Colleague: 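Have a look at this one.
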Amino acid sequence: AISRKGRQVQLRPLLTEPEAEACRDIGLLPFTWTIDRVAHRISSSPPVLAVAGLAAAVTAWLMIRRYQLSSWRQLWPAACPLLLPPALRGLLWLDCSRKHTWVLPDYRQFGRYWIAPPNRIYGAFFNSAAAPASRSANTEDNFNLLVGTAACLHLDDSACELQRVGVPAEFRGEGIGEIICRHAMLQSRRLGYSRMQLHVSSDQPRAIRIYESLGFKLKERKPIRELGLLITEQRLYEIDLAGLDPVKLAGGLD
């Protein structure tokens, strides 16, 4: 496959545990980003900011009354409550991460989980050779720069779920996400799956555009709330693999 910037992309299944484990950080990028987003939204919500501001104002007022301060510079301790939102964000991030490590079955044993049949994980690789344009550089060993991942979770004999789609920030904008998703869809179709589904949050518009451009249809919306606040919306998409044109789907991949 060729990226939008004309770079050759090699797509291949990851068959060994060390190979799959090396993809862990990239595969979990959407998860870690979502956790950070949840923590940010709660810590920067109007109630939290209002409490922090009120606490700072009350502290300043009490200090002025009790200590009869002569300069505003002496009120710097009153600013301490303003550290509440960033501190809360850090605590929420740790708490959400801890909770979700027990929810995600692949968090602790990523490599072992995804190489265990019938689950599968795929990697997209760039040529890391110093002279990628030369014919001698285009060898199997030189395609070792991991630029994207996608995994297929077996649901039943006819359905699988697309998961762990991740592309590092420095390689985004080259169409890697679309390429590896199409590869995962094609391989799943060849393995006999007739349906593929995926879950994505409404905070990922770029990913949603890719999925919808590939033909995924929205099936369900589910609001996600934390501490009574609406944080995001979880969306379920599905596509009929059996109804896709395999030639068109494989265009530019094989």
Side-chain angles (χ1 to χ4, degrees), residues 1-34 36 106-107 109-116 119-153 160-191 196 198 200 204-216 239 241 244 246-254:
I2 304 297
S3 74
R4 290 175 187 162
K5 295 184 179 180
R7 303 178 68 176
Q8 189 171 354
V9 184
Q10 186 184 84
L11 303 161
R12 63 173 184 260
L14 307 176
L15 303 176
T16 67
E17 186 173 339
E19 269 189 321
E21 191 63 37
C23 300
R24 183 180 187 275
D25 290 343
I26 296 178
L28 291 173
L29 275 175
F31 164 74
T32 54
W33 184 89
T34 300
D36 184 67
D106 60 340
Y107 192 88
Q109 295 183 326
F110 189 89
R112 182 178 301 179
Y113 183 86
W114 287 113
I115 66 167
N119 297 335
R120 286 174 173 79
I121 186 167
Y122 305 96
F125 297 85
F126 274 166
N127 192 322
S128 62
S134 66
R135 181 174 299 178
S136 61
N138 290 322
T139 63
E140 184 78 18
D141 292 340
N142 288 333
F143 284 92
N144 54 19
L145 179 59
L146 181 66
V147 296
T149 64
C152 295
L153 176 69
C160 63
E161 181 173 344
L162 183 63
Q163 293 190 7
R164 303 298 172 252
V165 179
V167 177
E170 61 269 29
F171 300 115
R172 291 171 191 164
E174 296 199 43
I176 304 300
E178 179 182 346
I179 289 173
I180 198 165
C181 284
R182 285 202 294 129
H183 180 72
M185 292 164 63
L186 179 64
Q187 297 305 316
S188 297
R189 190 182 190 279
R190 289 174 174 173
L191 290 170
M196 174 180 278
L198 62 87
V200 62
Q204 302 180 55
R206 180 181 298 178
I208 291 174
R209 285 195 297 270
I210 293 175
Y211 299 142
E212 291 181 344
S213 70
L214 291 171
F216 282 89
I239 191 170
L241 295 176
L244 297 177
V247 177
K248 183 178 180 181
L249 185 61
L253 294 181
D254 292 340

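Here the structure is a predicted model, which is why all the values come from computation and not from measurement. For the single chain, residues carry numbers from 1 onward in sequence order.
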Colleague: What's the shortest heavy-atom distance between Met196 and Ala184, and which atoms?
Modeller: CE-O, 3.9 Å
Colleague: With a 4.5 Å heavy-atom cut-off, do Gln187 and Tyr122 have their side chains touching?
Modeller: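 Contact flag for Gln187/Tyr122 side chains = yes.
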Colleague: Going from CZ on Arg182 to CE on Met185, what distance comes out if it is rounded to the nearest 0.5 angstrom?
Modeller: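 These two atoms lie 9.0 Å from each other.
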Colleague: Give the C-alpha distance, both sets of side-chain angles, the deciding distance and a yes or no for side chain to side chain contact (heavy atoms under 4.5 Å, CB included) between Phe110 and Ile121.
Modeller: CA-CA 10 Å; Phe110 189 89; Ile121 186 167; 3.6 Å; yes
Colleague: Is the charged tip of Arg24 near the ring of Tyr107: under 6.0 Å from the six-membered ring centre and within 45° of its axis?
Modeller: yes
Colleague: State which residues pass side-chain contact (heavy atoms from CB on, under 4.5 Å) with Pro246; sequence neighbours excluded, sorted by chain then number.
Modeller: Arg189
Colleague: Looking only at heavy atoms, what is the nearest atom pair of Gly123 and Ile180, with distance?
Modeller: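 For Gly123 versus Ile180, the nearest heavy atoms are C-CD1, 3.9 Å.
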Colleague: Less than 4.5 Å apart, any side-chain heavy atom of Leu153 and any of Trp114?
Modeller: yes
Colleague: Taking side-chain contact (heavy atoms from CB on, under 4.5 Å) as the test, write out the residues that go with Glu212, two or more places apart.
Modeller: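 For Glu212, the residues satisfying side-chain contact (heavy atoms from CB on, under 4.5 Å) (neighbours in sequence not counted) are Ile208, Tyr237.
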Colleague: What's the shortest heavy-atom distance between Val9 and Ile176, and which atoms?
Modeller: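 So the two residues come closest at CG2-CD1, 4.0 Å.
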Colleague: Nearest 0.5 Å, please: how far is SG in Cys160 from CG in Leu241?
Modeller: 6.0 Å
Colleague: Of all the heavy-atom pairs spanning Ile179 and Ser3, show the shortest one and how long it is.
Modeller: CD1-CA, 4.2 Å
Colleague: Would you say the side chain of Ile26 lies within less than 4.5 Å of the side chain of Leu146, judging by non-hydrogen atoms?
Modeller: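 In contact.
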Colleague: Checking Gln10 against Arg12: is there a side-chain donor and acceptor pair closer than 3.5 Å?
Modeller: yes
Colleague: Extract all donor-acceptor atom pairs below 3.5 Å that involve side chains of residues 15-22 and protein atoms in other chains or at least two apart in sequence.
Modeller:
residue : atom : partner : partner atom : Å
Thr16   : OG1  : Glu19   : N            : 3.3
Glu19   : OE1  : Leu15   : N            : 3.2
Glu21   : OE1  : Gly111  : N            : 2.8

Colleague: Could you list the residues that satisfy ring-ring contact (aromatic ring centres under 6.0 Å, His included) with Phe126, not counting sequence neighbours?
Modeller: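 Phe126 satisfies ring-ring contact (aromatic ring centres under 6.0 Å, His included) with Phe171 once adjacent residues are dropped.
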Colleague: Taking the side chain as every heavy atom from C-beta outward, state whether Cys152 and Asn119 have any pair of such atoms under 4.5 Å apart.
Modeller: no
Colleague: Using the salt bridge (Lys or Arg N to Asp or Glu O under 4.0 Å) criterion, which residues pair with Glu174? Sequence neighbours excluded.
Modeller: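 Scan of Glu174 (salt bridge (Lys or Arg N to Asp or Glu O under 4.0 Å), adjacent residues dropped) gives Arg7.
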Colleague: Search all heavy atoms of Cys23 against all heavy atoms of Thr149 and return the closest pair with its distance.
Modeller: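 Distance-wise, the nearest heavy atoms are CB-CG2, 3.6 Å.
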Colleague: Taking the side chain as everything from C-beta on, heavy atoms only, tell me whether Asn127 gets closer than 4.5 Å to Leu145.
Modeller: no
Colleague: If the condition is ring-ring contact (aromatic ring centres under 6.0 Å, His included), which residues does Phe125 pass it with, not counting sequence neighbours?
Modeller: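 Checked Phe125 against ring-ring contact (aromatic ring centres under 6.0 Å, His included); zero matches.
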Colleague: Applying side-chain contact (heavy atoms from CB on, under 4.5 Å), name anything that partners Ile2, two or more places apart in sequence or on another chain.
Modeller: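 For Ile2 the side-chain contact (heavy atoms from CB on, under 4.5 Å) partners, ignoring immediate neighbours, are Gln8.
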Colleague: Could you tell me which residues satisfy side chain to side chain donor-acceptor pair (under 3.5 Å) with Arg164, sequence neighbours excluded, listed by chain and number?
Modeller: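 Side chain to side chain donor-acceptor pair (under 3.5 Å) check on Arg164 returns Asp106.
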Colleague: Could you walk me through whether Ile239 and Leu244 satisfy the side chain to side chain contact (heavy atoms under 4.5 Å, CB included) test, starting with their C-alpha distance in whole Å, then the side-chain angles of each, then the deciding distance to 0.1 Å, before giving a yes or no?
Modeller: CA-CA 9 Å; Ile239 191 170; Leu244 297 177; 3.9 Å; yes
Colleague: Residues two or more places apart in sequence or in another chain: which of them pass side chain to side chain donor-acceptor pair (under 3.5 Å) with Glu178?
Modeller: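 Listed in chain order: nothing, the list is empty.
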Colleague: Report yes if the side chains of Tyr211 and Leu162 come closer than 4.5 Å at any heavy-atom pair, otherwise no.
Modeller: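 Counting from C-beta outward, Tyr211 and Leu162 do come under 4.5 Å.
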Colleague: Start with the C-alpha gap between Val167 and Val147, add the side-chain angles, then the distance that decides, and say whether side chain to side chain contact (heavy atoms under 4.5 Å, CB included) holds.
Modeller: CA-CA 6 Å; Val167 177; Val147 296; 5.6 Å; no
Colleague: With a 4.5 Å heavy-atom cut-off, do Val165 and Pro30 have their side chains touching?
Modeller: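 Sidechains of Pro30 and Val165: no contact.
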Colleague: Between Gln163 and Leu198, is any pair of side-chain heavy atoms under 4.5 Å apart?
Modeller: no
Colleague: Who passes salt bridge (Lys or Arg N to Asp or Glu O under 4.0 Å) against Arg172, sequence neighbours left out?
Modeller: none
